[in-house]
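Predicted model only: the values in this text are computed from it and were never measured.
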Amino acid sequence: MEQAADLGGEAADETRGKERPEGSDQVPDSPDAEVRQPDEGEASEESPKGQEPEEAKDSPKKGFFGKKKEKKDPKDAQIEELTDRLKRNMAEFDNYRKRTEKEKSAMFEIGAKDIIERILPVIDNFERGLNSMPEDAKGTSFAEGMEMIYKQLLKNLEEAGVKPIEAVGQQFDPNFHNAVMHVEDEEQGENVVVQELQKGYLYRDSVVRHSMVQVAN
């Protein structure tokens, strides 16, 4: 009996050895036991928890939208700043140039008007002297010399942009005429200048002196 039990045990051991798969180190204790495989999300022994893989370290960091954040070169930033400053300075200089040209033109016009206003009384005196000259003095060298000077003075003023204002026979215009007298005349129209008491002048379409006139009706 003891020999039969030994033979049965040896046969069982041989049977277990044959059922064990080759290359396996351990056999589960029970047929219901399962060999647990590590999940993909779990960290392997080669990459311990808290450390990133080498591929993750070498890969560039991406921004919020998945694009790489490029650091701006300080030289490019400085170039942009200097370019912007240059543009602002050029714009300020252009505005300054236009403003100074306008001021110079206005100052020149003011100075020219002042000189013309000083010359106009001289022209008035020439006209009075020529109009009051006696008949026997007309045609003399003195009278001809006075008339030549008067015409030369008017020509120079005309070349400078000065011209007289038309008054007699024109409709009264307060922008050019200064009415100092009024007369009723049925032969004349309404608000018509019938007499010019003092001649007015324009300088570049700007009034230097208004015409002093008499207006009818």
Side-chain angles (χ1 to χ4, degrees), residues 78-217:
Q78 187 177 10
I79 291 172
E80 291 180 0
E81 182 182 357
L82 294 175
T83 303
D84 184 62
R85 188 183 301 176
L86 177 62
K87 290 180 179 179
R88 288 200 305 268
N89 290 337
M90 290 178 66
E92 291 176 0
F93 177 77
D94 188 56
N95 293 333
Y96 169 76
R97 180 180 58 80
K98 292 179 180 178
R99 185 172 62 254
T100 52
E101 287 179 357
K102 187 176 181 180
E103 291 176 355
K104 285 167 63 178
S105 178
M107 291 176 62
F108 178 80
E109 187 172 350
I110 292 172
K113 282 184 177 181
D114 183 64
I115 298 299
I116 293 168
E117 288 176 355
R118 295 172 182 268
I119 295 174
L120 292 181
V122 179
I123 296 175
D124 295 338
N125 291 331
F126 266 104
E127 291 176 350
R128 293 190 188 98
L130 293 173
N131 292 331
S132 62
M133 186 176 296
E135 291 294 333
D136 56 351
K138 292 180 181 180
T140 61
S141 58
F142 175 77
E144 290 178 355
M146 292 285 290
E147 190 172 356
M148 288 176 63
I149 295 172
Y150 170 70
K151 290 180 179 180
Q152 185 179 8
L153 186 58
L154 290 179
K155 183 180 179 180
N156 290 334
L157 289 175
E158 184 178 359
E159 291 176 353
V162 180
K163 58 182 180 180
I165 297 174
E166 296 182 3
V168 178
Q170 303 293 324
Q171 285 287 328
F172 174 77
D173 188 351
N175 294 320
F176 302 104
H177 307 139
N178 181 20
V180 295
M181 295 180 66
H182 179 266
V183 63
E184 295 292 339
D185 191 350
E186 296 179 356
E187 295 180 358
Q188 301 292 336
E190 186 177 359
N191 291 331
V192 176
V193 177
V194 294
Q195 186 179 2
E196 184 180 52
L197 304 176
Q198 187 181 50
K199 189 176 293 184
Y201 290 90
L202 296 172
Y203 173 67
R204 295 182 179 179
D205 299 329
S206 178
V207 177
V208 178
R209 187 176 72 180
H210 291 76
S211 298
M212 192 179 297
V213 298
Q214 182 184 32
V215 183
N217 305 323

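When Val213, Asn217, Val183, Val168 are each tested for a side-chain contact (heavy atoms from CB on, under 4.5 Å) with Val194, only one passes: Val183. When each of Ile123, Asn125, Val122 is tested with Tyr150 by the rule side-chain contact (heavy atoms from CB on, under 4.5 Å), just one qualifies, namely Ile123.
Counting heavy atoms from C-beta on, the side chains of Met181 and Val215 never come closer than 4.5 Å. The side-chain heavy atoms of Leu154 and Glu158, taken from C-beta on, include no pair separated by under 4.5 Å. Between Glu103 and Arg99 the shortest side-chain heavy-atom distance falls below 4.5 Å. Contact check for Asp185 versus Gln214: no side-chain heavy atoms found under the 4.5 Å cut-off. With contacts defined as side-chain heavy-atom distances shorter than 4.5 Å, the pair Leu157/Tyr201 does not qualify. Side chains of Asp205 and Lys163 form a contact here, defined as non-hydrogen atoms less than 4.5 Å apart.
Taking every heavy atom of both residues into account, Lys199 and Pro164 meet most closely at CD-CB, 3.8 Å. Of all heavy-atom pairs spanning Met146 and Phe126, the tightest one is O-CE2, 3.7 Å. Closest approach of Gly200 to Ser211, counting heavy atoms only: N-OG, 3.1 Å.
The pair Glu81-Arg85 meets the salt-bridge criterion, with a side-chain N (NZ, NE, NH1 or NH2) lying under 4.0 Å from an Asp/Glu carboxylate O. Comment: Lys87 does not engage Asp84 in a salt bridge, judged by the lack of any side-chain N to carboxylate O separation of less than 4.0 angstrom.
Scored by the side-chain contact (heavy atoms from CB on, under 4.5 Å) test, Met133 finds Leu130, Ala137, Lys138, Ala143 as partners (sequence neighbours excluded).
The CE atom of Met90 sits 12.0 Å away from atom CG of Asn95, with the distance rounded to the nearest 0.5 Å. With rounding to the nearest 0.5 Å, the separation of CD in Glu144 from CD in Glu147 is 8.0 Å. The CE atom of Met107 lies 11.5 Å from the OG1 atom of Thr100; values are rounded to the nearest 0.5 Å. Separating the CD atom in Glu92 from the CZ atom in Arg88 is a distance of 7.5 Å, to the nearest 0.5 Å.
In this structure, the side chain of Ser105 does not engage the main chain of Glu101 through any donor-acceptor pair within 3.5 Å.
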Under 3.5 Å, which donor-acceptor pairs do the side chains of residues 111-121 form with other protein atoms, sequence neighbours left out?
| residue | atom | partner | partner atom | Å |
| --- | --- | --- | --- | --- |
| Lys113 | NZ | Ser206 | OG | 2.5 |
| Asp114 | OD2 | Arg118 | NE | 3.2 |

Show which side-chain atoms of residues 170-177 pair as donor or acceptor with protein atoms under 3.5 Å away, not counting sequence neighbours.
| residue | atom | partner | partner atom | Å |
| --- | --- | --- | --- | --- |
| Asp173 | OD1 | Asn175 | N | 3.1 |
| Asp173 | OD1 | Asn175 | ND2 | 3.3 |
| His177 | ND1 | Asp173 | N | 3.1 |
| His177 | NE2 | Glu166 | O | 3.2 |

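Counting non-hydrogen atoms of other residues, nucleotides and ligands closer than 6.0 Å to CD of Glu159 gives a total above 12.
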